Amino acid sequence: VDRIQLNDVARVQEISKRVYGFDAGTYSKSLKEEDRKYLLKLDYKISDAHRLEAKYQYAAGNNANDQSATKTNLPLTSNWYDRRDTMTTDTLRLMSDWTDALSTKFEVSTKKVKTEQNPLNGNGFMQADIKNSASALPADVAKAGTILIGPDRSRHANELRNTTNSFGAEANYLASSHLLTSGVQLESTDIFNLFIQDANGRAFYDTIDAFEAKTPSRLNYQNAITNNKNDAAANWSYGVTTVYLQDEWQLTPALTARAGIRSELYDASGTIDRNDLFIQRYGFSNTSDLSGRQAILPRFGLSYKAAPKLNIRGGFGLFSGGTPNVWVSNVYTNDGVSVDDVSSSNAAQINGFDGHNIPAAISSQLVAGDGNVDVMDPNFKIPQSYKFQTGLDYKFDIPSFVDDVGLELNYSYTKTRYGVIWKDLRRQNPAIGGAQNLPTAIAPDGRAIYDTTPLTTVGQEFNVNRGY
């Protein structure tokens, strides 16, 4: 770090402990990382026709993030965090052969996943960005380095838990040259997603002296309007009911055809608070969810035994997938009603901030209906893609060396039918007023960033059929 000296670090550490009662940490530390996996599987042969399988899986690990120092920024260890992921899965499967022509499979499972991101020195303090400039003059501040202490702003309120329960039933029936497969899958997922940046406050100090004097130049704060982090969590669930049918038809001894269709129907539960200000600005409701959305997915394939050791295959179909749970969760979290943010440079409001307790002059400014809004388009469609695949399998011998060498060649092509796009509705919206093609952000190096997503009609066409 070119712009920060060891004596700067030592002084920040001392002030943090003496003035704020917080351990800022150090600039270097070795951290322990673990990765544990357990698998237990039991098979029980009930009879010649029935078999029961039970499986338990556990996986847990952590990843220590040191926030990566740069030439100008030095995060001390209190700004680092430990990400811990835990997953448990329980599965019970019953497989039965009722006759030579009919077999069934029943499966029930539960999967629990938890992600925590814990600051190394606790989570009851602000993130402080402290310049080591010689003075508060803009020219000095611009060329100074920054020491970061306290929990990283994105770890102030960050927890993700989800539990998925599923049930599946499948039957296979052989009727002459047809193998018929049908089934149903019921899956429900409960999600708890808590994410708020700057929930403990993020304070900026132009000099180390300002840090000592508790005189920040700016204070950012975001929270639920109740000032209780947990009230901003997205606590919701969704389910998918899938029904499918397939016919595998032996047309000739060498040619086999497969045709099938699959239906996926979604439902969702959870509260999305209505935001009247959003409706006034954009003309549609912010309360849309996944309920009632459906995907009908046909598939077709052929397999041809061109020679005893050569098989040629190909298939075409419509496939779903890629629904981003985090984006959907944001619809429940960021309704603009329950969460708001404040940024203040008013010395009368922010001077004396102790890093632990948000000043009342700041916390009282949180207003329902004035926060950021993430919304699902009322016409949103489940992401879908067309897929074409072809290939061949060939076996051959290399005399006097090796037999049955396998060669497999594959080609696949994917074309998006309904993709997912995130769009900033403020762009070119007359309801906002003013110039409509302004930069949406400023990059760290000072360059303007513009929204480059394809132009769409407000409230429509959030799915795009672009991409391969």
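These numbers were taken from a predicted model, which means no experiment stands behind them.
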Student: Carefully, step by step, assess Phe192 and Trp236 under the rule side chain to side chain contact (heavy atoms under 4.5 Å, CB included).
Tutor: CA-CA 7 Å; Phe192 177 88; Trp236 65 290; over 6 Å; no
Student: So, are Glu107 and Lys105 salt-bridged, with charged N and O less than 4.0 Å apart?
Tutor: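 Not counted as a salt bridge, because no side-chain N and carboxylate O are separated by less than 4.0 Å.
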Student: Are any of the side-chain nitrogens in Arg11 or Asp8 under 4.0 Å away from the carboxylate oxygens of its partner?
Tutor: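 Asp8 and Arg11: not salt-bridged.
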Student: After noting the C-alpha distance and the side-chain angles of Ile130 and Ile208, does the key distance pass the side chain to side chain contact (heavy atoms under 4.5 Å, CB included) rule?
Tutor: CA-CA 6 Å; Ile130 308 161; Ile208 298 177; 4.0 Å; yes
Student: Looking only at the side chains, is there a donor atom on one of Asp231 and Thr226 sitting less than 3.5 Å from an acceptor on the other?
Tutor: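 Present: a donor and an acceptor within the cut-off.
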Student: Are Asp23 and Lys17 within salt-bridge range, i.e. N to O under 4.0 Å?
Tutor: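 So Asp23 does not pair with Lys17 through a salt bridge.
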Student: Does the pair Asn227 and Tyr221 meet the rule for a side-chain hydrogen bond (donor to acceptor under 3.5 Å, both in side chains), with working shown?
Tutor: CA-CA 10 Å; Asn227 289 290; Tyr221 176 60; 2.6 Å; yes
Student: Would you call Asp393 and Arg313 a salt bridge, using N to O less than 4.0 angstrom?
Tutor: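 So Asp393 pairs with Arg313 through a salt bridge.
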Student: Assess the residue pair Thr241 and Glu264 against the criterion (side-chain hydrogen bond (donor to acceptor under 3.5 Å, both in side chains)); give the C-alpha distance rounded to whole Å, side-chain angles, the decisive distance to 0.1 Å, and a yes or no.
Tutor: CA-CA 6 Å; Thr241 300; Glu264 297 177 354; over 6 Å; no
Student: Salt-bridged, Glu34 to Lys32, with N to O below 4.0 Å?
Tutor: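 Counted as a salt bridge, because a side-chain N and a carboxylate O are separated by less than 4.0 Å.
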Student: Do the side chains of Asp276 and Arg274 get close enough for a salt bridge, i.e. N-O under 4.0 angstrom?
Tutor: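 The answer is yes: the pair qualifies as a salt bridge.
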Student: Have Asn220 and Ser343 got a donor and an acceptor in their side chains that come within less than 3.5 Å?
Tutor: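 On atom types as modelled, these side chains qualify, holding a pair under 3.5 Å.
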Student: Salt bridge check: are Lys37 and Asp35 linked by an N-O gap of less than 4.0 Å?
Tutor: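 Salt bridge present between Lys37 and Asp35.
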Student: Assess whether a salt bridge exists between Glu53 and Lys41, defined as any Lys/Arg side-chain N lying under 4.0 Å from an Asp/Glu carboxylate O.
Tutor: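 Lys41 and Glu53: salt-bridged.
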Student: Are Asp206 and Lys131 within salt-bridge range, i.e. N to O under 4.0 Å?
Tutor: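 A salt bridge is absent here (no side-chain N lies under 4.0 Å from a carboxylate O).
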Student: Got a salt bridge between Lys114 and Asp85, using NZ or NE/NH1/NH2 to carboxylate O under 4.0 Å?
Tutor: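 No, Lys114 and Asp85 are not salt-bridged.
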Student: Do Asn200 and Asn123 have side-chain N/O donor and acceptor atoms under 3.5 Å apart?
Tutor: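 Distance-only check passes for Asn200 and Asn123.
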Student: Taking the six-membered ring for Trp and the full ring for Phe, Tyr or His, determine whether the centres of Phe388 and Phe316 are under 6.0 Å apart.
Tutor: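 Judged by ring-centre distance (under 6.0 Å), Phe388 and Phe316 do not meet the cut-off.
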Student: Are Tyr56 and Tyr38 close enough that their ring centres sit under 6.0 Å apart?
Tutor: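 Aromatic pair excluded; centres sit 6.0 Å or further apart.
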Student: Under 4.0 Å between a side-chain nitrogen and a carboxylate oxygen: does that hold for Arg84 and Asp82?
Tutor: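 Here Arg84 pairs with Asp82 in a salt bridge, since their nearest N and O are under 4.0 Å apart.
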Student: Are more than 12 heavy atoms from other residues, nucleotides or ligands located less than 6.0 Å from atom NZ of Lys111?
Tutor: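 Counting other residues, nucleotides and ligands, NZ of Lys111 stays at 12 neighbours or fewer.
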Student: How about Tyr413 and Tyr386: are their ring centroids closer than 6.0 Å?
Tutor: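 Between Tyr386 and Tyr413, which both carry aromatic rings, the centre distance is not below 6.0 Å.
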Student: Could you go step by step and tell me if Ser320 and Gln384 meet the side-chain hydrogen bond (donor to acceptor under 3.5 Å, both in side chains) rule?
Tutor: CA-CA 4 Å; Ser320 70; Gln384 300 170 34; over 6 Å; no
Student: Take Asp335 and Asn275 through the test side chain to side chain contact (heavy atoms under 4.5 Å, CB included) and record every step on the way to the result.
Tutor: CA-CA 7 Å; Asp335 52 27; Asn275 189 318; 5.6 Å; no
Student: Do Asp190 and Thr163 have a side chain donor and acceptor closer than 3.5 Å?
Tutor: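 The criterion, which ignores hydrogens and geometry beyond distance, is not satisfied for Thr163 and Asp190.
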